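Below: one structure, written as structure tokens.
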There are 2 protein chains.
Amino acid sequence: MFLAASFLENSGIGLALVCAVIGLAFAAFLIKSIVSSPSGNDRMKQIAAAIEEGAKAYLGRQVRTIAMIAVVIAVLLAVFKDIPTALGFVLGAVCSLAAGFIGMRIAVIANVRTAQGATESRRKALSAAFNGGAVTGLLVVGLALLSVGIFWLLMNRMHPDQPEKALSSLVGVALGASLISVFARLGGGIYTKAADVGADLVGKVEQSLEEDDPRNPATIADNVGDNVGDCAGMAADVFETYAVSLIGAVLVGALTVGSGAPVVFPFVLGGLAIIASIAGVIFVNATNLKPAKALMGGVLLSGALCALAFYPVTAAMFPEGLKVTNILSGGVQTFSAANIYFAAVIGLLMTAAAVLITNYYTSTDYQPVRKIATASETGHATNIIAGLATGLMATALPVLCIAASIAISYANGGLYGIAIAVMAMLSMAGIIISLDAFGPITDNAGGVATMSELPKEVRAITDELDAVGNTMKAVTKGYAIASAGLAAIVLFGSYFVDLKHHLETVRHMSGADLENVLDFSLKDPKVIIGLFIGGLLPYLFSAFSMSAVGRAAGAVVTEVRRQIKLHPGILTHSDTPDYGTCVDIVTRAALKEMIIPALLPVLSVIIVAALPSGEKMLGGVLVGSIVTGLFMGISMTSSGGAWDNAKKYIEEGHHGGKGSEAHKASVTGDTVGDPYKDTSGPAINPMIKVVNIVAILIIPILF
Amino acid sequence: MFLAASFLENSGIGLALVCAVIGLAFAAFLIKSIVSSPSGNDRMKQIAAAIEEGAKAYLGRQVRTIAMIAVVIAVLLAVFKDIPTALGFVLGAVCSLAAGFIGMRIAVIANVRTAQGATESRRKALSAAFNGGAVTGLLVVGLALLSVGIFWLLMNRMHPDQPEKALSSLVGVALGASLISVFARLGGGIYTKAADVGADLVGKVEQSLEEDDPRNPATIADNVGDNVGDCAGMAADVFETYAVSLIGAVLVGALTVGSGAPVVFPFVLGGLAIIASIAGVIFVNATNLKPAKALMGGVLLSGALCALAFYPVTAAMFPEGLKVTNILSGGVQTFSAANIYFAAVIGLLMTAAAVLITNYYTSTDYQPVRKIATASETGHATNIIAGLATGLMATALPVLCIAASIAISYANGGLYGIAIAVMAMLSMAGIIISLDAFGPITDNAGGVATMSELPKEVRAITDELDAVGNTMKAVTKGYAIASAGLAAIVLFGSYFVDLKHHLETVRHMSGADLENVLDFSLKDPKVIIGLFIGGLLPYLFSAFSMSAVGRAAGAVVTEVRRQIKLHPGILTHSDTPDYGTCVDIVTRAALKEMIIPALLPVLSVIIVAALPSGEKMLGGVLVGSIVTGLFMGISMTSSGGAWDNAKKYIEEGHHGGKGSEAHKASVTGDTVGDPYKDTSGPAINPMIKVVNIVAILIIPILF
């Protein structure tokens, strides 16, 4: 047993990296099998190429814009902090961008093959779309584990006597990943929804065109949007959440437990879960279940395998349990391996809870979505009121589950227990993201099928898969925001632990002085003020991004109206619409509009920190941003998902079906939900983490 | 100087009560002058009578429903707490209900006279409507000052040696006032908006009827709603906020400074401000300025008089300054009279800030509303997105001002300084409410004018006043939520101070044990969990109330459609609609739907308090409810006000004017805004206070 413990402690990270490589290899195998499948007729290839071109052009410009900002920040970090942190920042930023690029590339390869698969059988279409998603999932997770792991080993080797240096360089990685992810989420989110909303408003509502009708000048921009927002943005976001959760667990482990096994353990969990995810992917490809059940079965299998595999490893790594420093009393508590295992299981259960609860609020099978559909009968306004109310209500169960997770995992391992629960939750990202990425691929496949005028039966298959994809997308958003909330709590804990360490070792504070600074009590008005300021950040951030989508969509509407007025032949297929101008409008708008909201959290934290007693107020800011951010994130993504599926439910023939007044009202709801669920809501995830990471980073600079 | 100090300390409350009586007498004088003015022709009297009958019938049923719940709570308080608290609860409840009744009675008297006044001149109409509002303002403020003052003197006389008893009985008054106010706000808010939304959806959107068209079967219910929601609900709400702020200041004064002058001072501020408010009312009646400027001039004059009058009184009452116990360190700080005066001025400035900022976000004169109007051109969805974004953005300045107010008033008097700032802010309620109540009176006057088919010129005058009333209503909501947020912070401070006192004197705790319980540190997971649970309360509460409005409005739509289908003659004036059924539907819906959300905060606090370490988690719950409640309250009322006026702006002829597609989109926004700004948003004010008051009350029972 002790042999196993020492082996795992010494080689655990290496083993985890091997798992990561296996994951990447399996992803490469999937890519090969996707690429080798037929990619359709010339018309399909042509459309896919147009989408790919638009997406590449956008991402290219996005990378250039972000790179300029990233270089400035890296230089600032090198000057005010140190070179390792700046290097970490660059690594995190590059990997986050790479994850986005990969996500987009795979989606563009998979969508046309999904459409082609649908001409043969539902089975083939499902496989192409799911495997495309699985590639993104496995690549993102493998990349995150590999980059953080190698960087950590390297930094430890470079600074064998200065563990602080290695730790702070890891925080640099987290900042790079998070900040780039905010940009990617915002830029991609504004792009996709401005194009989507603009295309729908003038296409569906004014001209009664179907989704993806090639006569709509905004249709290519809309399909490009799915790739740059839902694929590239999402991949960057998940890379970030995974990397930050892993880094958070390493930080908390090192600072509250000690180096060695506690630091290695999170890597091992990640490695094991990659193997479990591969098993899940194989299951989905092998089973004959219906699409929705097959996907859920894959997740369940992966989760069950994780739960099984985590136990022996935990027992082996902590044969004598763990001595954890209590962050409240400073005393030492002992937890058994079973405690730590239990904390990890809480993370897995939290994943299940997030998936099930979001599914309840956003699937057409349950009351909430059906009530919105019913409310659509009495008009646009009642549809909106019902959707907003659903989003508010949908916060209750996830927040209570998060509260319970915090309580239980804390009781089973202190702050480290929470960090392990978060890491266990995120370890499932490989398979969860396979579901999420499935959505935009099927969405695009539908677009390709319609635009290449494939037979109706083909569109029926892609529509069916698209509906499944919609629910999956909503469900994984619930997972993303819940895990982001928990991860942010761990980061806040790291802020506290790190600040304490800094004040003790650098400022040589102790006793009452130290206690006073580290108090963070609600009875201190500075903390209350901090909570208000922090609470404001998600509000301001969402206000900016919502207005950005509104403005950009308005510009698309105006452009489409202009084209149709100038060339009425577009509607009768006698004129070809100018797709490029719409692509260009949203590209410019997205890049311009993403900068202010993305820098908002960074600058706010720095300003607050620079105030007198800034470290205290900052504590309030961190928690305040988590509290309102969590509620806004959950309610926005739930409302959006529910509106989307209420429309789908009506389109299935309920309440008068397509073309009815109820349907028009449901389109309004869906359109309002677009920026809610695909721009503002998901961008809050990386935003609250940026707030917390920047706070950790500036401790040694400002305090 | 010392003579003055001792005189004010002994007789200050008496003098304040005299001011209250003067305020009531002036209100009586105004009532006489309103009643003696002509009340129009028979048709007008008949319609006013129908509205009055509906309102009285609803309020009667509401009182019976609430009375049953109130009796249960009073008995529970008498059994588990003590008789004085139960008595206080009954007094608070009765006065809050009385305030609601008075507000409604006055409005019903004033609206028909405003309509009649409009047949003569704009001047007369303005006077009738404003004086009607002023009566409500002065009566509510006078009643609050009088009831709290007399009860406080009485309890002190009954328990001369037990100041705790007198204090805890005051908390009973606060609970009675707040809880009843939640019921009144919710019941009235659901009533008014279900009727309004229902009437608009089928009347304006489907049948293209004008507002208040007598052919709309829901039109009487709609006008009744203005009275039971905007008048009765609002009056109860303001009574509550005023009483609670006063009681909070007394509690904090007694517990952190000492009996005598600190406890008397808040009463004196209230008394002085009543006289200043009377001066403001006289100014509005005497000036020849345009309506909006006249009203603002009255507020400015009252504020300036308060600022002038507060200084000599403060200097006289605290000639040697004040020794305040610091709630953080437990040490004693000394503040000068100038410090305390400055805290009071901060309250007055916060009033001005709240009014100006809300005006910016909700008036047709500025960018935010005009952007929503522009967004309406591209459809329903962009109108909604723009309105939601405006609401999110509108939280920034008020929250930053509140944060600054907390910081500055705390620096000038500790927790007592914050309490004095809040009391100074609330002391302006008399004149501010005159503006608020002006809105529903002019709204109803328009209804009476249209339904009695008075000439178009008359409707033009009432429409002009209605537009002013709309802005005033929005502006005073900003004031209400900002003051509620600050008042709740004071209540949280009282919770802490009272809990400390209780643990020291009853549980004989001290040293590290005591410090540990009273820690409320963000690094404690229990506090974080509390913040999440508390943050959830406004979300759940709003979800319930929004859905209630949606459901009840749907029922109204169905009923109106049924009537028109059964008796198509209604539309050609050959059949008379059955107004009574619509009134009955919303009455039943409002009473049924208000109960669960109103009890939610009470039960949640009790459940959390009963958990292990409940006192600590509860601290988090209190602050969490304030943080998310403040943001939701501000964003909901701002969005609602902005949507409302964007519609008004389009109706003035912009973006195509009435009947255009942009107008239809703006009606959707206005309808969504209705429950936002008149049901859920304002009901959050008393809700967050109920949470905090219940917490204070259960300290001696559960901890």
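So that the names make sense, note that chain A is the first sequence line, chain B the second, and so on, each numbered from 1. Nothing here was measured: the structure is a model prediction, and the numbers come from that model.
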Quiz item: Considering residues at least two apart in sequence or located in another chain, which fulfil the side-chain contact (heavy atoms from CB on, under 4.5 Å) criterion with B:Ile607?
Solution: none
Shortest non-hydrogen contact between [X] and [Y], atoms and distance:
X: B:Leu518; Y: A:Lys523; value: O-NZ, 2.7 Å
X: A:His380; Y: A:Lys664; value: CE1-O, 3.8 Å
X: A:Thr628; Y: A:Gly534; value: OG1-O, 4.3 Å
X: B:Leu618; Y: B:Val608; value: N-CG1, 3.9 Å
X: A:Ala642; Y: A:Thr390; value: CB-CG2, 4.2 Å
X: B:Ser666; Y: B:Ser376; value: CB-OG, 4.1 Å

Please state whether the side chain, the backbone, both or neither of [X] comes within less than 4.5 Å of a heavy atom of chain B.
X: A:Tyr676; result: side chain
X: A:Thr558; result: neither
X: A:Phe532; result: both
X: A:Ile385; result: both
X: A:Leu630; result: side chain
X: A:Ala396; result: both
X: A:Val623; result: side chain
X: A:Met617; result: neither
X: A:Ile402; result: side chain
X: A:Phe631; result: both
X: A:Tyr495; result: neither
X: A:Ala375; result: neither

Go through [options] and name the one with the most non-hydrogen pairs under 4.5 angstrom from chain B.
options: A:Leu536, A:Thr668, A:Thr378, A:Thr671; value: A:Leu536
options: A:Thr374, A:Asp524, A:Val399; value: A:Asp524
options: A:Val497, A:Thr382, A:Val627, A:Asp674; value: A:Val627
options: A:Gly550, A:Pro525, A:Ala389, A:Ala403; value: A:Pro525
options: A:Phe492, A:Phe520, A:Phe496, A:Phe541; value: A:Phe520
options: A:Met546, A:Lys371, A:Glu377; value: A:Met546

Quiz item: Counting only heavy atoms not in B:Ile596, do more than 12 sit closer than 6.0 Å to its CD1 atom?
Solution: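 Atom CD1 in B:Ile596 is not crowded, with 12 or fewer foreign heavy atoms closer than 6.0 Å.
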Quiz item: Between B:Leu531, B:Ile418, B:Leu388, B:Val197, which shows the greatest number of heavy-atom pairs under 4.5 Å with chain A?
Solution: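 Option with the greatest count: B:Leu388.
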Quiz item: Do you know which of B:Ile384, B:Leu522, B:Ile327 has the most heavy-atom pairs with chain A at a distance under 4.5 angstrom?
Solution: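 Sorted descending by pairs with chain A, the first entry is B:Leu522.
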Quiz item: If you measure only the distance, is there a donor-acceptor pair under 3.5 Å linking the side chains of A:Ser680 and A:Ser545?
Solution: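 The criterion, which ignores hydrogens and geometry beyond distance, is satisfied for A:Ser545 and A:Ser680.
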Quiz item: Under a 4.5 Å heavy-atom cut-off, does chain A meet the side chain of B:Leu415, its backbone, both or neither?
Solution: neither
Quiz item: Side chain, backbone, both or neither: which part of B:Val672 has a heavy atom under 4.5 Å from chain A?
Solution: both
Quiz prompt | A:Met636 side chain near A:Lys677 side chain, heavy-atom distance below 4.5 Å | solution = no
Exercise. Would you indicate whether the side-chain heavy atoms of B:Ile634 and B:Ser638 approach each other to under 4.5 Å?
Key: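 Heavy-atom side-chain distance check passes, below 4.5 Å.
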Quiz item: SG of B:Cys401 to CD1 of B:Ile408: how many Å apart, nearest 0.5 Å?
Solution: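 Reported value, rounded in 0.5 Å steps: 9.5 Å.
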Quiz item: What residues form a side chain to side chain donor-acceptor pair (under 3.5 Å) with A:Lys526, not counting sequence neighbours?
Solution: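 Side chain to side chain donor-acceptor pair (under 3.5 Å) list for A:Lys526, sorted by chain: empty.
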